[in-house]
Amino acid sequence: MIDFSLTPEQQTLVELARDFSTNEISPVALEYDRDGTPPEDIMRKAKDLGLLYTNIPEAYGGSGMDYVTHYIVTEALNYDCCAIGQMIGISHLSSAAILLGGAEEQKKKFLGPMCESHRSACYCLTETGAGSDAGAMKTTAARKGDTYVVNGSKCYITNGAKSDLLCLFATTDPSRGVKGISCFAVPRDTPGISVGRIEDKMGHRALTVAEIHFDDVELGAENLIGGEGQGFKLAMQALDRGRVNVTAISAAVMQKALDESVRWAREREQFGQPIGNFQGVHFMLADMNALIMASRGMYLQAGWMLDRDRRCSVEAAAAKCFATDAAMKVTTDAVQILAGSGYMKGTVVEKLMRDAKLLQIFEGTNQINRVVSGRGLLAGKSVLF
Ligand code: COS
């Protein structure tokens with residue numbers, strides 16, 4: 001029933017992603033981290049190799065990978081820099097609501113042109129007053145005849161400054177709370193969209209995060225995805241998928257931290273021998289590896305559920321919490337093992353530790369994800385076995 005072997009096609013794709021990470025991301029990861037510039041050239045190259053729109057069906061211009069394959073490839077692409085890796089994979093979250101709720105012609109109309117460029121999409125949910133409480137959003141899409149007029153602002157939008165397509169959530173009926181939220185596919189060149197502040201961050205520095213303003217942005221019925229009031233559900237369904245993605249990214253971050261720690265434990269000599277000879281280091285490496293194995297298993301299980309059209313909100317939230325808390329611990333331990341040379345600015349493990357922190361915060365803080373998981377268990381949603 002359970003088979004962990006990769007198909008020949010998956011093996012080829014993972015090798016392609018690993019080579020891409022080694023050859024295109026690794027050499028420049030620290031440079032992008034220092035400068036905080038968007039990795040546009042790398043996204044362009046990833047697009048040419050079919051690594052940018054992995055989750056989008058071929059009919060709309062993507063590579064058409066199933067969820068499990070997409071997540072395995074995501075782990076490989078995030079190994080050398082999860083900020084660049086996430087810019088490459090951002091369409092997974094931002095296109096999910098359109099794929100789930102859009103009509104055939106909408107998917108072709110909005111995803112097709114996006115897949116021809118390297119700029120990808122962005123997921124416009126969060127506002128200054130609506131972070132964990134996503135349903136409290138104030139951005140409105142007021143109906144005027146056959147059109148909707150959008151006003152409001154979104155913040156902390158990954159790839160918000162450059163993306164070709166915006167997956168926007170706005171309320172079409174403020175009196176109905178979350179049931180009044182609707183989803184829209186919005187091409188970037190729609191008049192009235194402007195980019196505000198670009199954030200300067202502790203980690204994930206190559207991940208561009210921006211404010212976006214909507215001033216009297218006029219949309220038609222063709223932009224509405226899934227009907228009025230369907231937006232919150234679509235946003236949550238997209239986040240289920242995104243949280244599994246974050247689990248795969250966390251596995252990558254941890255694997256890199258472990259590999260750096262093993263390398264150092266072999267090379268670094270103290271008391272006349274490599275520090276890897278000491279039991280204190282064995283224990284740390286063993287615990288790091290166990291957390292990676294468990295996290296990998298969790299994203300594979302949730303991906304398997306998604307490939308069978310099974311709802312995995314509980315599993316995705318549990319996996320996200322587990323793997324991102326694990327990533328914080330594993331990267332902190334890697335800095336501990338490399339000690340002085342791991343704590344210095346501009347080193348690989350120092351970057352990993354800064355990057356790991358955001359994993360616990362975005363796509364739902366781990367506190368919110370525990371709420372999702374706990375509520376789901378009480379409601380009898382889940383469980384595989
Ligand atoms: N799949 C399908 N439907 C879902 C769903 C999911 N994963 N999650 C929620 N829904 C549905 C619910 O079933 C409910 O519909 P019904 O009333 O018809 O049953 C509706 O959506 C509202 O859900 P809920 O009552 O759980 O909404 P809340 O306002 O209580 O809040 C939380 C839900 C807190 C879980 C949500 O706001 C959340 O995830 N916040 C974090 C947002 C986030 O991750 N932001 C990061 C953005 S990307 S960096």
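We count ligands from 1, going down the list as the structure has it; atoms in each ligand are counted the same way. Fair warning: this is a prediction, and the values are worked out from it, not measured in the lab.
For Phe232, every heavy-atom contact with ligand 1 shorter than 4.0 Å involves the side chain, none the backbone. Only side-chain heavy atoms of Arg243 come within less than 4.0 Å of ligand 1; its backbone N, CA, C and O stay farther off. Of the heavy atoms in Leu239, only side-chain atoms (C-beta onward) come closer than 4.0 Å to ligand 1. Neither the backbone nor the side chain of Thr365 comes within 4.0 Å of ligand 1, counting heavy atoms alone.
Proximity of Ile368 to ligand 1 is established by a heavy-atom distance of less than 4.0 Å. The shortest heavy-atom distance from Gly131 to ligand 1 is under 4.0 Å.
Comment: Asp33 engages Arg354 in a salt bridge, judged by a side-chain N to carboxylate O separation of less than 4.0 angstrom. Using a 4.0 Å cut-off between charged side-chain N and carboxylate O, Glu199 and Arg197 make a salt bridge. Salt bridge present: Glu228 and Arg143 bring a charged side-chain N and a carboxylate O closer than 4.0 Å. Salt-bridge annotation for Lys329 and Asp333: present, with a side-chain N of the basic residue lying under 4.0 Å from a carboxylate O of the acidic one. A salt bridge links Asp355 and Lys351; the closest N-O separation between the charged side-chain nitrogens and carboxylate oxygens is under 4.0 Å. Under the 4.0 Å criterion applied to side-chain N and carboxylate O atoms, Asp41 and Arg44 are assigned as salt-bridge partners. With salt bridges taken as basic N to acidic carboxylate O contacts below 4.0 Å, none links Lys138 and Glu127.
Heavy-atom proximity to Lys233, at under 4.0 Å, picks out these atoms of ligand 1: 2 (C), 3 (N).
Under the 4.0 Å distance rule, the nearest protein heavy atom to atom 19 (O) of ligand 1 falls outside the cut-off. Distance check for atom 46 (C) of ligand 1: a protein heavy atom is found below 4.0 Å. Remark: atom 12 (C) of ligand 1 lies closer than 4.0 Å to no protein heavy atom.
Note: no N/O pair closer than 3.5 Å links Val178 and ligand 1 by distance alone. Of the N or O atoms in Lys179, one or more lie within a sub-3.5 Å distance of an N or O in ligand 1. At under 3.5 Å, not a single nitrogen or oxygen of Asp133, backbone or side chain, sits near a nitrogen or oxygen of ligand 1.
Considering only heavy atoms from C-beta on, Thr37 stays 4.5 Å or farther from Thr208 through its side chain.
Grouping the Ile, Leu, Val, Met, Phe, Trp and Tyr side chains by contacts below 4.5 angstrom, directly or via other members, places Leu359 apart from Tyr79.
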